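Quick notes on the structure that follows.
Please read all numbers here as calculations on a predicted model, not as lab measurements. Atoms within a ligand are numbered from 1 in the order they appear, just like the ligands themselves.
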Amino acid sequence: MHGSIFILLKRFVQTHYDYSTWIKLIELSGLSSADFDINTVYPDEHIYQLVGQAAEMTGIPAEVLQEKFGEFLVPDLMLVYSKYVQPEWRTLEMIENTEHTMHGQVRRNHAEASPPVLHVTRVSENELLVDYISKRRMGALAVGITRGLANYFDEGDRIKVTPTTSENGEKVQIRVERLPRQAKQ
Ligand code: HEM
């Protein structure tokens with residue numbers, strides 16, 4: 001997994017807990033370094049260990065942690081990849097374009113990186129079906145990223161994100177709906 005994800009995970013733990021929690025997590029996960037490099041791709045086992053240990057330490061289920069982490073990492077991802085984002089895009093368009101823009105760029109820049117495949121179907125003007133495919137089984141992170149994008153685009157109150165399968169599999173389906181804005185009283 002790409003170093004940026006570890007760097008953001010470290011920031012997530014430090015923001016919600018503190019630095020000593022991060023160090024404890026690194027030790028419990030059997031990792032030798034608490035720092036990660038943005039240009040390095042690390043073994044996937046490191047992320048599994050970190051998420052698994054974090055779930056044990058906090059008592060919060062791994063899927064819930066992944067969702068929270070996904071929401072948290074969106075603003076930083078958007079900052080780094082802002083030049084690939086068209087000004088008229090909002091949550092649904094961002095998701096529709098991730099496969100060939102953001103994730104495509106990650107694949108081109110790092111031969112060893114392998115972002116998940118996202119097959120996106122536009123069901124109607126206001127609804128997408130996202131088919132997530134990855135051996136890493138991190139569909140909960142995809143759910144969190146989707147919610148984070150909705151917040152990023154100030155659509156958090158009208159974007160409904162519903163996994164229609166278990167979030168745990170290599171294939172996860174997520175329904176993303178844009179609800180009408182509430183009329184002002
Ligand atoms: C701003 C847009 C995005 C950027 C810059 C971005 C970037 C990345 C990067 C760098 C990775 C690490 C890949 C690797 O090391 O192999 C990754 C993984 C991942 N991305 Fe994205 N991504 C974006 C949007 C999305 C969206 C919209 C979703 C889902 C709806 C998503 C779901 C995931 C998941 C679940 C992973 C974890 C790895 C896996 O499951 O195999 N990403 N992304």
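Taking only non-hydrogen atoms, the option from Glu99, Glu96, Met138, Met94 nearest to atom 35 (C) of ligand 1 is Met138. Between the choices Ser114, Gly148, Ala140, Gly139, the shortest heavy-atom distance to atom 16 (O) of ligand 1 belongs to Ser114.
The shortest distance between side-chain heavy atoms of Arg136 and Met1 falls below 4.5 Å. Proximity of Leu77 to Leu8: side-chain heavy atoms (C-beta onward) are separated by under 4.5 Å at one or more points. Here the side chains of Met78 and Leu149 are in contact, with some heavy-atom distance below 4.5 Å. The shortest side-chain heavy-atom distance between Thr162 and Glu177 falls under the 4.5 Å cut-off. Contact annotation: the side chain of Ile5 never approaches that of Phe36 to less than 4.5 Å [non-hydrogen atoms, C-beta and beyond]. In this structure, Leu65 and Thr58 have side chains that are in contact, with non-hydrogen atoms separated by less than 4.5 Å. Contact annotation: the side chain of Trp89 never approaches that of Glu96 to less than 4.5 Å [non-hydrogen atoms, C-beta and beyond].
With waters neither drawn nor counted, the protein N/O/S atoms under 2.8 Å from atom 21 (Fe) of ligand 1 amount to 1.
Atoms of ligand 1 found under 4.0 Å from any heavy atom of Leu149 (numbered from 1 in listed order, with element): 27 (C). Near Tyr132, meaning under 4.0 Å from any of its heavy atoms, are these atoms of ligand 1: 35 (C), 39 (C), 40 (O), 41 (O). The ligand atoms of ligand 1 that sit less than 4.0 angstrom from a heavy atom of Ala113 are 14 (C), 16 (O). Against a heavy-atom cut-off of under 4.0 Å, Met78 is close to the following atoms of ligand 1: 1 (C).
Considering backbone and side-chain N/O atoms, Ser4 never comes within less than 3.5 Å of an N/O atom of ligand 1. In terms of polar-atom proximity, defined here as any N/O pair under 3.5 Å, Arg136 does make such a contact with ligand 1.
With sequence neighbours left out, the side-chain hydrogen bond (donor to acceptor under 3.5 Å, both in side chains) criterion links Arg175 to Glu127. Among residues two or more places apart in sequence or in another chain, the side-chain hydrogen bond (donor to acceptor under 3.5 Å, both in side chains) test is passed with His16 by none. With sequence neighbours left out, the side-chain hydrogen bond (donor to acceptor under 3.5 Å, both in side chains) criterion links Thr40 to Asp37.
Separation of atoms CD (Glu71) and CZ (Phe12) is listed at 9.0 Å; rounding is to 0.5 Å. Rounding to the nearest 0.5 Å gives a distance of 11.0 Å between OG of Ser20 and CG of Leu25. Between atom CD1 of residue Ile95 and atom CE of residue Met102 there is a gap of 10.5 Å, rounded to the nearest 0.5 Å.
When heavy-atom distances to ligand 1 are checked against a 4.0 Å cut-off, Leu118 comes that close only through its side chain, counted from C-beta outward.
For atom 15 (O) of ligand 1, the nearest protein heavy atom (residue, atom name, distance) is His2 N, 2.4 Å. Scanning all protein heavy atoms for the shortest distance to atom 41 (O) of ligand 1 gives Ser134 OG, 2.6 Å. From the protein, the heavy atom lying nearest to atom 30 (C) of ligand 1 is Thr146 OG1, 3.5 Å. The single protein non-hydrogen atom nearest to atom 11 (C) of ligand 1 is Ile5 CD1, 3.8 Å, given as residue, atom name and distance. At the top of the distance list for atom 5 (C) of ligand 1, counting protein heavy atoms only, stands Tyr81 CD1, 3.1 Å.
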